[in-house]
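Below, chains carry the letters A, B, ... as their sequence lines are ordered, and counting in each starts from 1.
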Amino acid sequence: MRFHVVKRDSCPLWKRLALYVGAVAAALVLGGLLLLALGVNPVAYYSRMFTMGMVGNKIAYKSFENYLKVFVPLVLTAVALSLAFKMRFWNIGGEGQFILGAVAASAVAFQAGPVLPGAVTLLLMCLCAMLAAGLYGTLAAALKVKFGTNETLMTLMLNYIALYFLTFLGETKATWNFFLDPTSARPIFVSFAKTVSFPRIPMGKFGLNVCVLFTFAVGALVFVYLRSTKQGYEIAVVGDSAGTARYAGMKVNTIVLRTVFLSACLIGLAAAFKVGTAGILSTNITDDVGWTGIIVAWLAQMNTAVIFLVSALIAMLQYGSDVAAATVSQVDSSFANMLQGAILFLVLAADFSTRFRVVLEGKGGRKHGA
Amino acid sequence: MGPEMDKLGVVTTFLHNIVVYNIPLLYGTVGEIMVEKSGSLNLGVEGIMAVGAIFGYIVGCYANSLGVGILTAFAAGALCGLLFAVLTVSLQANQNITGLTLTTFGLGVYFFVGNGVKAVRWPAMNDYPAIKEGFADIAIPGLSQLPVVGRGLFDHNLLVYLGVAVALAMWWYLRYTRPGLRLRAVGENPASADSVGVNVKRMKYLHICLGCGIMGVGGYYMGLNMSGSFNSSCWINGYGWIAVALVIFANWNPALAILGTFIFGFFNTLRVSGSSLAAAFPGPLGWLAAVPSQLYQALPFLITAVVLVLTSVRKREGSGLPASLGLNYFREER
């Protein structure tokens with residue numbers, strides 16, 4: 001029996017949801033079997049992971065605050081990347097852009113923090129981080145537009161150049177290096193001034209970091225921007241076919257440059273939120289959000305609302321497994337990486353059935369050619 | 001031994017280290033060249049090398065055989081390749097996403113398996129004489145007697161020679177054989193290759209698995225280089241990403257990859273031994289001590305970025321970049 005694969009025109013939402021939920025469930029079952037093999041009760045482990053240790057915990061609000069600290073940079077980075085991906089510009093330089101944003105924000109925090117009011121400093125941090133990250137991203141876009149340089153490979157290289165720049169700052173004791181603690185003999189990063197920290201809105205014991213509100217606001221703006229503005233429409237057309245866009249009289253190069261700049265800017269904003277909340281720089285400041293954000297944006301098919309949902313789940317997986325690892329010593333956080341990988345592989349496989357259909361050819365079907 | 005001899009000894013050690021610590025890069029690069037020549041951009045090199053390393057090392061030790069270790073590492077890498085091929089070739093999944101996921105997943109497997117085995121009993125390389133002897137240096141008669149470069153370049157372990165042999169064999173395969181030509185055609189334009197009767201799917205599956213297997217062996221080599229001491233930092237330590245860069249630097253040519261490995265390896269070794277060179281030759285090389293080590297780490301990526309720009313400025317003339325790299329081939333859309 002022969003078969004061939006054809007594209008689907010559309011796939012009903014319920015069917016897609018069912019497939020994705022099924023894929024996640026299958027991955028969890030696989031992980032559960034692995035846990036059983038290790039002598040760990042999978043139900044206990046998973047319930048601890050998904051509740052993130054918040055049930056029956058007196059300081060559950062702390063857990064939730066920490067969870068949001070994982071969630072905010074991830075979702076903002078993924079939303080930012082989705083802008084470029086929608087245009088089929090493969091910006092995998094999220095890591096590098098995030099790092100430059102974080103360094104720029106920290107530089108402002110050290111230089112302006114002691115003299116300016118906290119709110120002004122924080123605003124300046126956001127602006128400088130956006131500018132630094134934005135320009136770094138635009139570099140790859142400009143090369144792509146001007147010379148056709150492969151943006152996937154270029155942004156990949158720029159990631160590592162930024163990373164080693166950050167490690168250089170973090171490991172070099174020198175009088176000019178204001179990023180480090182001058183009182184310590186070993187090179188360690190120094191904290192920002194106390195005033196340089198995003199305020200929290202108290203809600204009982206729980207404090208809601210304003211960055212969370214800003215993140216949702218940015219998400220809403222991007223949603224509207226992509227859906228209802230001329231520029232958003234242009235992004236969609238360029239993503240569909242650059243040739244069509246050109247034929248329709250759109251300035252494709254300008255659109256690419258503008259969108260990638262905007263995308264990288266938002267990654268810079270995510271970095272400013274991150275350092276402005278942590279109050280200190282570190283060499284692993286990104287927490288790999290530049291990588292994870294790519295996966296989130298793709299899984300959500302660049303839909304802003306879905307990105308929020310997927311980010312919430314991935315952040316839960318990452319933070320929850322850290323919490324669970326603290327109580328179950330046999331399983332460390334490498335399990336979360338494997339589980340995340342398994343979930344993604346299965347979702348990618350499920351994705352196939354939402355886009356394609358396998359058609360079996362009976363005996364009386366076509367034989368050769370058309 | 002006089003001070004002059006000592007100085008030459010520093011140079012010899014330097015050359016020796018360039019080879020020993022960087023040939024794993026050659027495995028990763030050559031494997032990735034094979035995968036990319038089939039038109040697939042696989043960003044999972046780091047994870048695949050890690051998976052090859054952990055299984056190769058553990059199984060090799062338990063079997064007390066370097067050969068078994070190499071074969072296991074190859075098989076583990078090839079299995080990762082099979083996963084990549086099923087998802088991207090058959091199921092049309094995005095290559096970037098699948099590759100990045102493979103890296104996360106592979107590193108997860110590395111630590112999960114490593115920590116699991118460590119909790120029971122970690123095999124120490126010293127306890128396995130066959131592995132230690134198999135990995136010992138073998139001097140090439142004659143050449144290894146040359147002054148300075150002799151011991152630097154021609155007195156190495158089996159995996160060094162194997163790596164160079166694999167690279168040369170692949171260069172020959174891609175350039176002079178029929179299947180090699182077909183493979184390049186698939187990477188350039190799968191639809192045309194398909195129309196003249198090349199089985200695109202089979203070509204992709206085969207070469208993705210083969211290439212990933214080679215990466216796995218490179219990972220195993222890195223584990224042996226670390227004498228199999230397992231701790232919180234992964235043996236691969238970013239070499240997979242340098243390999244992705246080196247593919248571009250070598251212009252998708254396995255023979256040039258050998259040269260590229262030496263150039264990248266030169267900087268990588270300067271990072272470690274720059275200070276001893278500076279001490280041996282304070283006059284001409286004293287400045288080496290002042291270069292920050294992070295610059296050496298960034299150099300492979302900086303150089304590759306420049307190469308990327310330069311080749312794109314000159315357009316595609318002479319570039320080995322497969323034209324359909326990163327694009328899935330969907331037959332019905334031909």
Region of Leu38(A) in contact with chain B, defined by heavy-atom distances below 4.5 Å: side chain
Thr304(B) side, atom OG1; Leu153(A) side, atom CG - distance, nearest 0.5 Å: 10.0 Å
Closest contact, heavy atoms only, Phe105(B) versus Ala342(A): CD1-N, 4.0 Å
Trp90(A) side chain near Asn94(B) side chain, heavy-atom distance below 4.5 Å: yes
Among Phe168(A), Trp291(A), Tyr164(A), residue most engaged with chain B (heavy-atom pairs, under 4.5 Å): Tyr164(A)
Heavy-atom proximity to chain A below 4.5 Å, by part of Leu102(B): both
Nearest-0.5 Å distance that lies between atom OG1 in Thr98(B) and atom CG in Leu348(A): 5.0 Å
Between CG on residue Leu308(B) and CG on residue Asn150(A), distance to nearest 0.5 Å: 6.5 Å
Ile92(A), part contacting chain B, at a heavy-atom distance under 4.5 Å: side chain
Phe356(A) portion near chain B, given a 4.5 angstrom heavy-atom threshold: side chain
Leading residue by heavy atom contact count with chain A [cutoff under 4.5 Å; candidates Leu295(B), Thr101(B), Thr104(B), Leu41(B)]: Thr101(B)
Which portion of Leu83(B) sits near chain A, non-hydrogen atoms under 4.5 angstrom: side chain
Close side-chain approach of Leu156(A) to Leu43(B), heavy-atom, < 4.5 Å: yes
Close side-chain approach of Asn96(B) and Ile294(A), heavy atoms under 4.5 Å: no
Test item: Met154(A) and Val309(B) side chains (from C-beta on) under 4.5 Å apart, heavy atoms: yes
Nearest-0.5 Å distance that lies between atom OG in Ser312(B) and atom NZ in Lys144(A): 10.5 Å
Distance in Å, Leu325(B) CG paired with Thr152(A) OG1, rounded so as to fall on 0.5 Å steps: 8.0 Å
Contacting moiety of Thr88(B), where chain A heavy atoms sit under 4.5 Å: neither
Proximity breakdown for Phe165(A) and chain B, heavy-atom pairs closer than 4.5 Å: neither
Leu302(B), part contacting chain A, at a heavy-atom distance under 4.5 Å: both
Structural part of Leu299(B) lying under 4.5 Å from a heavy atom of chain A: neither
Check: Phe112(B) and Leu34(A) side chains under 4.5 Å, non-hydrogen atoms: yes
Gap between atom CE of Met157(A) and atom CD1 of Ile303(B) - 0.5 Å precision: 11.5 Å
Parallel, tilted or perpendicular: ring planes of Tyr160(A) versus Phe301(B), cut at 30 and 60 degrees: parallel
Residue part contacting chain A, namely of Leu87(B), when any heavy atom lies under 4.5 Å: side chain
Heavy-atom side-chain proximity of Ile97(B) to Leu344(A) below 4.5 angstrom: no
Region of Ala119(B) that comes under 4.5 Å of a non-hydrogen atom in chain A: neither
